[in-house]
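Taking it in order: structure first as structure tokens, then the write-up.
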Amino acid sequence: MKKIFEEVALPRLRLKNRLVRSATWEDLAGPDGCTTGEILDIYSELAQGGVGAIITGFTSVTDLDRYFSGMMRLSNDRLIPQYRQLVEVIHAKNCAVLAQLAQGAYYRSEEDGRVSQVEPDDMSQADIQHTIAHFAAAAHRADLAGFDGVQIHAAHFFFLSRFISPAVNHRRDEYGCNNENGGRILLEILHAVRTAAPRLHISVKINSQDFIPQGLDEYGSMAICLQLAAAGIDSIEVSGNGTSVAGIRPHRSEAYFADFAARLADVIGVPVILVGGLRSLDVMERLLNSTNIELFSLSRPLLCEPDLPERLRIGAATESRCISCNRCYSSYGHKCVFRRPPCSR
């Protein structure tokens with residue numbers, strides 16, 4: 001019988017347990033994407049709290065990305081020492097860490113000095129190649145900083161998610177969204193990242209579906225995931241648009257992407273990570289032993305209780321205290337407004 005709190009070996013990565021901190025944007029980085037003391041404190045506390053791996057919050061691959069304020073970035077070599085410090089803080093607590101490589105939207109620098117947002121239909125072949133190169137360069141910086149892996153963010157209707165969505169991408173060239181080419185940009189990013197950083201575990205986060213008319217559906221998502229698996233992706237985190245559903249209650253409305261994740265895990269040869277509404281240890285262990293899902297990813301519960309994994313491990317808790325109020329999204333640093341006192345470190 002498999003357990004949540006047992007070591008697990010993944011391609012190019014070994015974890016002390018099966019719990020992952022899903023990428024959670026903090027809105028605390030400097031304008032150039034630099035880390036801050038607050039960010040280091042957050043990640044130190046998460047690592048101390050007993051999670052097996054941390055995926056960093058939204059970490060942009062390009063200096064031009066203006067989608068959010070407060071984004072961390074791996075877009076410039078001068079930032080490498082700061083991210084090396086972040087990695088060292090996390091590794092000191094026997095926790096693995098992956099950098100989530102992301103792009104909010106594609107921004108083009110025009111000849112007159114303006115920076116304009118460009119949708120997938122209007123991107124040139126050169127724009128697409130620039131994007132692929134940005135992801136590869138960011139992965140190389142992550143490698144130099146000592147990260148254990150990277151996650152390509154292709155979910156939640158940010159740039160890559162929009163690029164692979166038939167609701168947005170109407171291109172008629174090889175980067176269009178037909179069944180054969182729907183995941184082409186992701187496959188080329190995967191190849192470029194693997195070439196730039198062969199040591200790293202490479203994961204991808206993808207929507208199970210977009211939940212909008214003409215958007216990516218489960219059939220299309222499954223097809224792209226199978227292509228990525230054949231191309232050598234190391235793990236896949238299953239999510240979807242409409243995340244952070246309010247009112248989740250343990251044993252009643254948990255794990256809202258579990259059905260798709262289980263079907264994917266049955267047919268794919270790489271570890272599947274489930275995120276979305278997970279709240280209780282027994283539900284996760286039931287899914288672990290009744291499906292082929294290998295890992296479980298938490299976001300809001302770890303805002304509420306960064307030490308939840310350790311409390312679950314020692315039997316001091318059986319479920320998260322998070323009530324899914326979503327007030328964290330309007331708080332400074334996206335912190336839980338009902339936080340327990342910080343765990344000691």
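The chain is numbered in sequence order, starting from 1. From a predicted model like this one, the values you see are computed outputs, not experimental measurements.
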(Q) Counting the benzene-type ring for Trp, do Phe158 and Phe68 have ring centres under 6.0 Å apart? (A) yes
Which pair of non-hydrogen atoms, one from [X] and one from [Y], has the smallest distance, and what is that distance?
{"X": "Ile164", "Y": "Ala154", "answer": "CD1-O, 4.0 Å"}
{"X": "Asp210", "Y": "Ser165", "answer": "OD2-OG, 2.7 Å"}
{"X": "Leu278", "Y": "Pro301", "answer": "O-CG, 3.6 Å"}
{"X": "Leu15", "Y": "Gly52", "answer": "CD2-O, 3.8 Å"}
{"X": "Gln100", "Y": "Thr56", "answer": "N-OG1, 2.9 Å"}
{"X": "Ser221", "Y": "Ser208", "answer": "CB-O, 3.4 Å"}

Just checking [X]: does its [atom1] atom have more than 12 heavy atoms from other residues, nucleotides or ligands closer to it than 6.0 angstrom?
{"X": "His130", "atom1": "NE2", "result": "no"}
{"X": "Arg249", "atom1": "CZ", "result": "yes"}
{"X": "Arg199", "atom1": "CZ", "result": "yes"}
{"X": "Gln214", "atom1": "CD", "result": "no"}

(Q) Walk me through whether Asp27 and Ser69 qualify under side chain to side chain donor-acceptor pair (under 3.5 Å). (A) CA-CA 6 Å; Asp27 192 15; Ser69 63; 3.1 Å; yes
Looking only at side-chain N and O atoms, does [Y] offer a donor or acceptor that is under 3.5 Å from a partner on [X]?
{"X": "Arg263", "Y": "Thr291", "answer": "no"}
{"X": "His201", "Y": "Ser235", "answer": "yes"}
{"X": "Asn169", "Y": "Arg171", "answer": "no"}
{"X": "Ser124", "Y": "Asp127", "answer": "yes"}
{"X": "Thr24", "Y": "Ser299", "answer": "yes"}
{"X": "Ser22", "Y": "Lys205", "answer": "yes"}
{"X": "Tyr332", "Y": "Glu38", "answer": "yes"}

Got a donor-acceptor contact below 3.5 angstrom from the [X] side chain to the [Y] backbone?
{"X": "Arg162", "Y": "Val168", "value": "no"}
{"X": "Asp65", "Y": "Gly104", "value": "yes"}
{"X": "Asp121", "Y": "His170", "value": "yes"}
{"X": "Glu6", "Y": "Lys3", "value": "yes"}
{"X": "Gln209", "Y": "Gly240", "value": "no"}
{"X": "Asp143", "Y": "Ala197", "value": "no"}
{"X": "Glu310", "Y": "Gln48", "value": "no"}
{"X": "Ser331", "Y": "Lys335", "value": "yes"}
{"X": "Ser44", "Y": "Leu40", "value": "no"}
{"X": "Arg194", "Y": "Leu200", "value": "yes"}

Point-to-point distance, once rounded to the nearest 0.5 Å, from [atom1] of [X] to [atom2] of [Y]:
{"X": "Leu74", "Y": "Phe147", "atom1": "CG", "atom2": "CZ", "answer": "5.5 Å"}
{"X": "Leu274", "Y": "Phe260", "atom1": "CG", "atom2": "CZ", "answer": "11.5 Å"}
{"X": "Leu186", "Y": "Gln227", "atom1": "CG", "atom2": "CD", "answer": "9.0 Å"}
{"X": "Asn289", "Y": "Ile293", "atom1": "CG", "atom2": "CD1", "answer": "11.5 Å"}
{"X": "Asn181", "Y": "Asn178", "atom1": "CG", "atom2": "CG", "answer": "4.5 Å"}
{"X": "Thr59", "Y": "His153", "atom1": "OG1", "atom2": "NE2", "answer": "10.0 Å"}

Lys/Arg N to Asp/Glu carboxylate O, [X] vs [Y], below 4.0 Å:
{"X": "Glu7", "Y": "Arg18", "result": "no"}
{"X": "Glu45", "Y": "Arg21", "result": "no"}
{"X": "Arg12", "Y": "Asp234", "result": "yes"}
{"X": "Arg184", "Y": "Glu188", "result": "yes"}

Q. Passes side chain to side chain donor-acceptor pair (under 3.5 Å), Asn326 versus Arg300? Steps please.
A. CA-CA 8 Å; Asn326 288 345; Arg300 288 175 295 168; 2.7 Å; yes
**Q.** Step-by-step side-chain contact (heavy atoms from CB on, under 4.5 Å) determination, Phe135 to Leu160
**A.** CA-CA 11 Å; Phe135 275 86; Leu160 286 178; 3.5 Å; yes
Q) Per the side-chain contact (heavy atoms from CB on, under 4.5 Å) rule, which among Ile152, Val270, Leu295, Leu98 passes with Ser203? A) Leu98
**Q.** With Leu46, the side-chain contact (heavy atoms from CB on, under 4.5 Å) member among Ile54, Asp41, Ile90
**A.** Ile54
Is it the case that one hydrophobic cluster holds both [X] and [Y], taking links as side-chain heavy atoms less than 4.5 Å apart, direct or via other members?
{"X": "Val150", "Y": "Leu79", "answer": "yes"}
{"X": "Phe211", "Y": "Met222", "answer": "yes"}
{"X": "Phe257", "Y": "Phe157", "answer": "no"}
{"X": "Ile189", "Y": "Val118", "answer": "yes"}
{"X": "Val193", "Y": "Leu144", "answer": "no"}

Q.
Apply salt bridge (Lys or Arg N to Asp or Glu O under 4.0 Å) to residues Asp63 and Arg73 and explain how you reach the verdict.
A. CA-CA 8 Å; Asp63 289 333; Arg73 299 179 193 265; 5.3 Å; no
**Q.** With His334 via ring-ring contact (aromatic ring centres under 6.0 Å, His included) - residues at least two apart
**A.** Trp25
**Q.** Stepwise salt bridge (Lys or Arg N to Asp or Glu O under 4.0 Å) test for Glu254 and Arg286
**A.** CA-CA 12 Å; Glu254 292 190 62; Arg286 175 179 58 77; over 6 Å; no
Q. How are the rings of Tyr106 and Phe159 set relative to one another: parallel (under 30°), tilted (30 to 60°) or perpendicular (over 60°)?
A. tilted
